[in-house]
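Note sheet for the following structure.
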Amino acid sequence: MTKRDKPIIAIDGPSGAGKSTISQRVAIALDFVFLDTGAMYRCVGLRAMRKGIDPQDETAMRKVLKGLTIDFVRDATGHQRVRCNNEDVTAAIREYPISQAASKASGVPVVRKKLVALQRKMGGLGGVVIEGRDIGTNVFPDAEVKVFLTASAEERAKRRQEQLAATGKTVSYDTILAGQHERDKRDMERPLNPLTQAKDATVVDSSAMTADQVVARIVSLAREV
Ligand code: DC
């Protein structure tokens, strides 16, 4: 028995494990809202870069957070778009340097405090698939379904390269693997809400699974509750 009418499905895991694609598809299958918390850290990283602010400078980051608004909207094709202060930043936040800026910004206490509060407000009623790094451990430790979605480092880098190639960007596999390693390390070693697996999470290793299989597995976990 859950205290919410509809459950919260928390999907955590390292970058490149396929969380966004999978979470979006699970949300569509269940007719739930999809909340991409990584996109929120990316909005903050993008704003910092544009203002020429070091994303790790806590005092300066207060300026970046001031007046920040983030909205998720579905376009006519059902895909989710990210709006930051009324500007569509869906493509801009996926740029390679923004990934690094977002990772750096995400270790800053004032940034996490603001975004975690926003996430609790946006997802607290349930009926939501929410993906990130600390959802099952920190944002919603009482989530009804917790999944830790992972894949081997090589598979994740390969997928990221294909994703970038699909948008016309050529980045070498070695550069992606090195950048991913740097981000994984920073995400797992930061003192505040690091990426860790919740004790009660179900681990799904997608290295040798198709997206359809992963979606089906998570939908069946959701139907059990
Ligand atoms: O999932 P992503 O690659 O879009 O996330 C971008 C960065 O944000 C990533 O380096 C880790 C950080 N992040 C976080 O610290 N906590 C979350 N809940 C989600 C993302």
Side-chain angles (χ1 to χ4, degrees), residues 8-24 26-27 34-49 55-56 58 61 64-65 68 70 72 80-82 84 89-124 128-141 143 146-151 153 156-157 159-161 163-164 167 171 176-198 201 206:
I8 289 179
I9 302 174
I11 303 184
D12 290 304
S15 53
K19 294 188 305 291
S20 291
T21 313
I22 299 296
S23 303
Q24 187 148 202
V26 170
F34 164 50
L35 208 55
D36 176 355
T37 64
M40 298 170 78
Y41 289 95
R42 285 171 181 272
C43 286
V44 173
L46 176 69
R47 252 165 93 87
M49 295 274 285
Q56 283 172 314
E58 175 134 39
M61 285 306 278
V64 173
L65 295 171
L68 170 79
I70 300 171
F72 293 101
Q80 186 155 281
R81 316 257 347 147
V82 189
C84 180
V89 294
T90 315
I93 58 169
R94 299 291 152 197
E95 294 286 336
Y96 189 68
I98 305 305
S99 302
Q100 297 298 339
S103 175
K104 288 179 184 162
S106 71
V108 176
V110 75
V111 173
R112 294 208 78 80
K113 194 167 172 230
K114 166 108 183 184
L115 294 190
V116 167
L118 257 177
Q119 290 154 17
R120 289 188 176 138
K121 209 162 136 190
M122 292 165 112
V128 66
V129 179
I130 169 162
E131 64 111 324
R133 302 293 190 291
D134 62 335
I135 310 306
T137 51
N138 173 53
V139 183
F140 290 112
K146 294 185 190 179
V147 172
F148 192 81
L149 183 63
T150 187
R156 292 189 283 125
R159 289 180 192 165
R160 188 66 95 192
Q161 192 184 29
Q163 235 174 33
L164 288 167
T167 60
V171 183
I176 294 175
L177 192 64
Q180 177 183 278
H181 179 71
E182 199 187 310
R183 276 212 296 155
D184 281 353
K185 193 167 149 52
R186 202 162 37 222
D187 293 346
M188 287 188 283
E189 292 181 358
R190 65 163 177 252
L192 198 59
N193 317 136
L195 167 66
T196 44
Q197 188 186 314
S206 71

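Start at 1 with the first residue, then count along the sequence. Whatever order the structure lists them in is the order used to number ligands and atoms, beginning at 1. This structure is a prediction, so every number in the text was calculated from the model and none was measured.
Each of Leu115, Ile70, Ile98 was checked for a side chain to side chain contact (heavy atoms under 4.5 Å, CB included) with Cys43, and the lone residue meeting it is Ile70. Remark: of the listed residues Leu195, Thr196, Ile11, Leu195 is the sole one forming a side chain to side chain contact (heavy atoms under 4.5 Å, CB included) with Phe148. Of the residues Pro14, Pro194, Ser103, the one that meets the side chain to side chain contact (heavy atoms under 4.5 Å, CB included) test with Asp187 is Ser103.
For Lys146, the salt bridge (charged side-chain N to carboxylate O under 4.0 Å, His left out) partners are Asp200, not counting sequence neighbours.
Judged by distance alone, the side chains of Tyr41 and Arg133 never bring a donor and an acceptor atom under 3.5 Å apart.
Note that NZ of Lys19 and CG of Leu149 are 7.5 Å apart. Values are rounded to the nearest 0.5 Å.
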Can you pull every nitrogen or oxygen pair between ligand 1 and the protein closer than 3.5 angstrom?
from: ligand 1; atom 1: 1 (O); to: Arg133; atom 2: NH1; distance (Å): 2.8
from: ligand 1; atom 1: 1 (O); to: Arg133; atom 2: NH2; distance (Å): 3.4
from: ligand 1; atom 1: 3 (O); to: Arg42; atom 2: NH2; distance (Å): 3.0
from: ligand 1; atom 1: 3 (O); to: Arg133; atom 2: NH2; distance (Å): 3.4
from: ligand 1; atom 1: 3 (O); to: Arg183; atom 2: NH1; distance (Å): 3.1
from: ligand 1; atom 1: 4 (O); to: Arg42; atom 2: NE; distance (Å): 2.6
from: ligand 1; atom 1: 4 (O); to: Arg42; atom 2: NH2; distance (Å): 3.4
from: ligand 1; atom 1: 10 (O); to: Arg183; atom 2: NH1; distance (Å): 3.2
from: ligand 1; atom 1: 10 (O); to: Asp187; atom 2: OD1; distance (Å): 3.4
from: ligand 1; atom 1: 10 (O); to: Asp187; atom 2: OD2; distance (Å): 3.3
from: ligand 1; atom 1: 15 (O); to: Ser106; atom 2: OG; distance (Å): 3.4
from: ligand 1; atom 1: 15 (O); to: Arg112; atom 2: NH1; distance (Å): 2.9
from: ligand 1; atom 1: 15 (O); to: Arg190; atom 2: NH1; distance (Å): 3.1
from: ligand 1; atom 1: 15 (O); to: Arg190; atom 2: NH2; distance (Å): 3.0
from: ligand 1; atom 1: 16 (N); to: Arg112; atom 2: NH2; distance (Å): 3.1
from: ligand 1; atom 1: 18 (N); to: Thr37; atom 2: OG1; distance (Å): 3.0
from: ligand 1; atom 1: 18 (N); to: Arg133; atom 2: N; distance (Å): 3.2
from: ligand 1; atom 1: 18 (N); to: Asp134; atom 2: OD1; distance (Å): 2.8

